[in-house]
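A short worksheet on the structure shown next.
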Amino acid sequence: DDLAYSKNRPDLAALGAKDGLMPSGLAIDDNDPLARRDQGLEFLDVTPQAGVELSSSMGNQDVWFITNTSSSVIDTHLLVVITGLPAGVTVDAKEKTAAGKPYYRKFLPDGVLSPGQSISTTVVRTGGGSSSSYTFQLMSGQGKP
């Protein structure tokens, strides 16, 4: 109830306070990087920790394998953000980042992608393009990037 600004504190809501979040933008209990990612306040770019390889491409459907190539686990949710789409080409990702980039949310087995472990992602394109007409940014975290 304390964080329901739109209902209980319209003065703070008018200043930009968002329901359910601390006005400071900090995590409610802990403020370490994992707590911030768990609460959707921060995202970790894990692109350098992973290899992305095209498994198959049939027409407008591409299947990609994302492999953790680092010695550390990738945890929380894996957000596969599509970047570099040419004009007129879209993908079937249901969510978009705050910057308008489409992304897929991958729920990792047991909450982690261990070193050497892979997960697949299918990208369906409309409007043309090919598997080489876009790239990925991989983010670890919850919420909307």
Side-chain angles (χ1 to χ4, degrees), residues 2-6 9 12-145:
D2 290 339
L3 301 178
Y5 306 112
S6 62
R9 291 294 307 269
L12 292 178
L15 292 172
K18 295 185 182 355
D19 284 352
L21 299 178
M22 297 290 288
S24 65
L26 300 176
I28 292 173
D29 48 4
D30 293 324
N31 198 37
D32 61 87
L34 182 58
R36 292 182 60 75
R37 281 188 288 138
D38 284 347
Q39 294 179 24
L41 301 173
E42 188 172 285
F43 295 87
L44 177 65
D45 186 348
V46 294
T47 307
Q49 290 179 245
V52 180
E53 184 178 327
L54 182 64
S55 170
S56 67
S57 185
M58 299 171 119
N60 66 339
Q61 183 170 311
D62 308 317
V63 179
W64 297 87
F65 280 119
I66 300 167
T67 303
N68 181 349
T69 57
S70 75
S71 59
S72 302
V73 299
I74 296 173
D75 59 6
T76 318
H77 297 172
L78 181 64
L79 305 178
V80 181
V81 182
I82 307 295
T83 60
L85 279 172
V89 178
T90 59
V91 296
D92 66 336
K94 293 177 179 34
E95 299 181 90
K96 292 195 177 196
T97 67
K101 295 179 182 172
Y103 69 94
Y104 300 92
R105 183 179 305 274
K106 304 300 289 185
F107 296 98
L108 301 174
D110 298 321
V112 297
L113 192 62
S114 298
Q117 189 177 12
S118 298
I119 193 165
S120 67
T121 298
T122 301
V123 177
V124 178
R125 291 173 276 104
T126 56
S130 68
S131 60
S132 62
S133 60
Y134 56 91
T135 57
F136 296 107
Q137 180 181 19
L138 306 172
M139 306 293 284
S140 168
Q142 298 184 43
K144 182 176 181 176

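The chain is numbered in sequence order, starting from 1.
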Partner of Ser131 under side chain to side chain contact (heavy atoms under 4.5 Å, CB included), picked from Val63, Asp62, Val123, is Asp62
Could you go step by step and tell me if Val91 and Val124 meet the side chain to side chain contact (heavy atoms under 4.5 Å, CB included) rule?
CA-CA 5 Å; Val91 296; Val124 178; over 6 Å; no
How close do Phe43 and Met139 get, counting heavy atoms only, and between which atoms?
CB-CE, 3.5 Å
Here the gap from Thr76 atom OG1 to Leu113 atom CG, rounded to the nearest 0.5 Å, amounts to 12.0 Å
Closest heavy-atom contact between Pro109 and Ile119?
CD-CD1, 4.3 Å
Determine the minimum heavy-atom distance between Tyr5 and Ala17, stating which atoms define it.
CD1-CB, 3.6 Å
Is a side-chain donor-acceptor pair under 3.5 Å present for Ser130 with Ser132?
yes
Separation between CG (Leu3) and NZ (Lys18), nearest 0.5 Å, reads 13.5 Å
Looking at Thr97 and Pro145, would you say the former's side chain and the latter's main chain have a donor-acceptor pair under 3.5 Å?
no
Counting only heavy atoms not in Lys101, do more than 12 sit closer than 6.0 Å to its NZ atom?
no
If we ignore hydrogens and angles and just use 3.5 Å, is the side chain of Arg125 paired with the main-chain N or O of Gly59 as donor and acceptor?
yes
Nearest heavy atoms of Val89 and Gly129, plus distance in Å
CG2-N, 3.9 Å
Between Asp45 and Leu138, the two heavy atoms sitting closest are OD1-O, 3.2 Å
Would you mind reporting whether Ser120 and Ile66 have side-chain heavy atoms less than 4.5 Å apart?
no
Between the CG atom in Leu108 and the CG atom in Asp75, the distance rounded to the nearest 0.5 Å is 8.0 Å
Please name the pair of heavy atoms, one in Ala93 and one in Pro102, separated by the smallest distance, quoted to 0.1 Å.
CB-CB, 3.7 Å
Spatial distance of atom CG (Leu15) from atom CZ (Arg9) [nearest 0.5 Å]:
9.5 Å
Evaluation steps, side chain to side chain contact (heavy atoms under 4.5 Å, CB included), between Ser114 and Asn68
CA-CA 7 Å; Ser114 298; Asn68 181 349; 5.7 Å; no
For residues 92-138, pull every pair meeting ring pair (Phe, Tyr, Trp, His ring centres under 6.0 Å), keeping only residues two or more places apart or in separate chains.
Trp64-Tyr134, Trp64-Phe136, His77-Phe107, Tyr134-Phe136
